[in-house]
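What follows is a short report on a single structure.
Worth knowing before you read on, the calculation uses all heavy atoms, side chains too, and leaves out hydrogens, waters and symmetry mates. Order of appearance sets the numbers: ligands from 1, and atoms from 1 within every ligand. Numbering of residues begins at 1 and proceeds along the displayed sequence.
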Amino acid sequence: MLMATTAQWSHSDKKAVGDLAIFGGTPAFESPLHVGRPNIGDREKFSKRIDDILDRRWLTNAGPYVSEFEQRIAEAVDVEHCIAVCNATVGLELAIRALGLEGEVIVPSFTFIATAHTLQWLDITPVFCDIDAQTHSLDPKRVEELITPKTTGILGVHLWGRPCEIDRLTEIAERRKLKLLFDSAHAFGCSYKGGMIGSFGNAEVFSFHATKFLNSLEGGAVVTNDTKLAQRLRLMKNFGFTTYDRTDSIGVNGKMSEVSAAMGLTNLDSMDEFVTINRSNHKRYRQRLSEFEGISLLSYDENERSNYQYVVLEIDEGKTRVGRDQLMEILHAENVLARRYFYPGCHKMEPYSSLYPDAHLSLPQTERVSARVLTLPTGQAINSESVDIVCTILSTVLNNAHEVRKLLEERPPA
Ligand code: T4K
C-alpha cells in the first residue's frame, strides 16, 4: 500500500496566520497532495498479470484479461453487457453514435468538459441544462422545458458519484420518446434506490482513468442491458469488423489493452479497501469541518452504496469572508492541490462560450455552484493525519478570516 504524502508539520502546527505558507511559513506538505492521486491495488498481483500478458504475447484486441474485466464489471453492477473501452470519452462517443443520437441532446454544463465535447465532436448540439443546487445534477423540471422537436436524447451525469434523479429522467425520456444515456464516469460502485449505477437508461459509461476511484490506467466501459446495442458497440469499437476482412458499418479503435485490464482487475480486487479509505477520509473531513459556518461538505446517502470518491466543499463567501479562490490559493501554497471542479461550467469554455454566448442566462444554479465548489484530496494516498492538517489550515484561515483577507488584499500585485 502507498504511504501518505509526508507532512512537514503536525496538525497542532499552523495555528497562527503567520504560519501559513502563503504569508511566508513553511508549506505543510513536502510534496503535493493531489485530488485524483491514483488508488493502486496489490503490486504483486499486478506484476504477475503483466508476466502472464508477456508470456501469452496477447497484448490487446479482446484478450483474456479484457474479457475477464468485462465479466467482472458486468457482475459488479448487475448488467448483462459490458464493453470495455480505451477511455470514457470514446465510450460516450460510441454510445452516442450507437444509440443514433443526433440534432440536440440535453446535458448539464456543470460537468467535466468531456461530457459536452463528446456531443459536439459528433456534430450534435449540447443543450446545456441547469442543475438542481442540492443534487448538483440535471434539474428534471428544466430538462422538460428544453425539449424541442430536434431533441433526441438526454445525457445525465452522476456527478461526484451521486446519482441523478434517475426515476424522473426515465419517466421524461419514456414519455417524450427520447434516449437516456448516463455519463457515470464518477459512479462505479454507487447505487440508486438499491440498484447499481450501470443498469439505468439505455446505457451508462464508466471511466477507469488513473484519477478515478477504480482505475485501469486509462480506460472505461459502456454497460447496457440492450443486447442489440451491445452488439453494435462491440463492432464499432473494433473498426466495425464483423469478420477478419469485412465491415458492415463505420467503426473506430476504442479497445482496451490487456495491461489496462490487468490494472483494472488488480484494483477490482482491492475495491473494498478503496471504499473504506475514502469513506473514512470523508467522515474525518466531516467531523473536522462541521463547526465552520459557511462551509458545507457534500454528503453521500448512507442508505446507498457510494465510492466516496470526491470530497466536495461548498463555500459561502458571505459567511466565511475568505472566498473559494482565496482558500484554494492558500491551500496550494501548503502543497494541498485542491481543485475547483467543474468551474467555470462547460458553457463558459470554448467552443461553447462562442457558440452559445447567452447560455449563462438560463444556467443560474450552474453559475452559482461552480463559483462555490472546492474539492479536497482523498483516496489511498491520504490518511487521517493529512486530513487533519488540511482541516487545521482551513480552521486557521476561517478563525482569522478578517486578518487573512486583509493580508491577501495588501499583497503587492504579482
Ligand atoms: N465525464 C466525466 C464527468 C468526467 O469527470 C470525465 C473525466 C470523463 C467524462 C472522461 O473520462 P476519461 O475519458 O478521462 O476516461 C482529470 C482526469 O483526467 C479526467 O479523467 C477526469 N474526468 C477529471 C475529473 O479529472 P484533470 O484535467 O483534472 O487531470 P489532471 O492531469 O489535472 O489530474 C488531476 C490530479 O490528479 C492532478 O493533481 C494530478 C493527479 N494525478 C493525475 C494522474 C493522471 C496523479 O497524481 N497521478 C496520475 O497518474 O482531469
Side-chain angles (χ1 to χ4, degrees), residues 2-5 29 31-40 73 83-96 105 107-121 126 128 131 136-138 155-164 181-188 190 197 203-223 237 252 254-257 259-260 263-264 267 307 309-312 328 331-332 334-346 349 366 370 373-382 386 390:
L2 276 182
M3 294 305 292
T5 309
F29 295 92
S31 48
L33 228 64
H34 295 278
V35 172
R37 200 78 171 148
N39 292 326
I40 298 176
I73 295 293
I83 296 96
V85 288
C86 51
N87 58 56
T89 305
V90 169
L92 282 166
E93 285 164 9
L94 287 167
I96 288 164
V105 169
V107 64
S109 170
F110 190 54
T111 177
F112 189 58
I113 194 70
T115 319
H117 278 350
T118 55
L119 294 167
Q120 190 73 33
W121 193 257
F128 293 121
I131 51 166
H136 289 193
S137 293
L138 280 178
L155 173 47
V157 182
H158 305 305
L159 208 79
W160 318 124
R162 303 192 325 164
C164 295
L181 175 63
F182 288 110
D183 175 341
S184 313
H186 301 174
F188 182 70
C190 303
I197 293 295
E204 303 206 44
V205 181
F206 294 123
S207 171
F208 302 122
H209 180 261
T211 55
K212 292 293 175 289
F213 152 74
L214 183 112
N215 83 80
S216 62
L217 307 173
E218 286 271 4
V222 189
V223 285
K237 79 155 183 181
V252 74
K255 290 168 281 147
M256 176 181 271
S257 77
V259 171
S260 274
M263 185 65 163
N267 288 334
N307 58 32
Q309 177 173 204
Y310 288 98
V311 173
V312 185
M328 188 174 75
L331 289 170
H332 282 202
E334 304 288 353
N335 248 334
V336 179
L337 302 189
R339 296 289 295 261
R340 47 183 185 178
Y341 288 136
F342 290 96
Y343 174 83
C346 299
M349 296 164 82
T366 301
S370 67
V373 162
L374 192 63
T375 60
L376 297 178
T378 186
Q380 195 188 36
I382 309 295
S386 313
V390 174

Problem - For Arg340, all residues meeting salt bridge (Lys or Arg N to Asp or Glu O under 4.0 Å), sequence neighbours excluded - result: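 Listed in chain order: Asp325.
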Practice task
Go through the structure and list residues passing salt bridge (Lys or Arg N to Asp or Glu O under 4.0 Å) with Lys212, not counting sequence neighbours.
Solution key: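 Result, salt bridge (Lys or Arg N to Asp or Glu O under 4.0 Å) vs Lys212: none returned.
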Handout entry: Test item: Phe208 and Ile73 side chains (from C-beta on) under 4.5 Å apart, heavy atoms
Key =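 Yes, their side chains come closer than 4.5 Å.
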Practice task
Could you tell me the separation between the CD atom of Glu93 and the CG atom of Leu119, rounded to the nearest 0.5 Å?
Solution key: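 So the CD of Glu93 and the CG of Leu119 are separated by 9.0 Å.
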Problem - Aromatic ring pairing Phe110/Phe342, orientation class (parallel under 30°, perpendicular over 60°, tilted between) - result: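 Ring orientation, 0 to 90° scale: perpendicular.
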Exercise for the section: Kindly write out the residues that satisfy ring pair (Phe, Tyr, Trp, His ring centres under 6.0 Å) with His209, not counting sequence neighbours, or none if the list is empty. Expected result: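 For His209 there are no ring pair (Phe, Tyr, Trp, His ring centres under 6.0 Å) partners, ignoring immediate neighbours.
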Enumerate, one pair per line, all nitrogen or oxygen atoms of ligand 1 lying under 3.5 Å from a protein nitrogen or oxygen, stating the separation to 0.1 Å; write 'none' if no such pair exists.
| unit_1 | atom_1 | unit_2 | atom_2 | d |
| --- | --- | --- | --- | --- |
| ligand 1 | 1 (N) | Asp183 | OD1 | 3.2 |
| ligand 1 | 1 (N) | Asp183 | OD2 | 2.6 |
| ligand 1 | 5 (O) | His186 | NE2 | 2.7 |
| ligand 1 | 13 (O) | Ala88 | N | 3.4 |
| ligand 1 | 13 (O) | Thr89 | N | 3.0 |
| ligand 1 | 13 (O) | Thr89 | OG1 | 2.6 |
| ligand 1 | 15 (O) | Ala88 | N | 3.0 |
| ligand 1 | 15 (O) | Ser207 | OG | 2.8 |
| ligand 1 | 18 (O) | His209 | NE2 | 3.4 |
| ligand 1 | 20 (O) | His209 | ND1 | 3.3 |
| ligand 1 | 22 (N) | Lys212 | NZ | 2.9 |
| ligand 1 | 25 (O) | Tyr341 | OH | 3.3 |
| ligand 1 | 28 (O) | Arg339 | NH1 | 3.4 |
| ligand 1 | 28 (O) | Arg339 | NH2 | 2.9 |
| ligand 1 | 28 (O) | Tyr341 | OH | 2.5 |
| ligand 1 | 32 (O) | Arg339 | NH1 | 2.8 |
| ligand 1 | 36 (O) | Val35 | O | 3.1 |
| ligand 1 | 36 (O) | Gly36 | O | 3.4 |
| ligand 1 | 38 (O) | His34 | ND1 | 2.7 |
| ligand 1 | 46 (O) | Arg37 | NH1 | 2.7 |

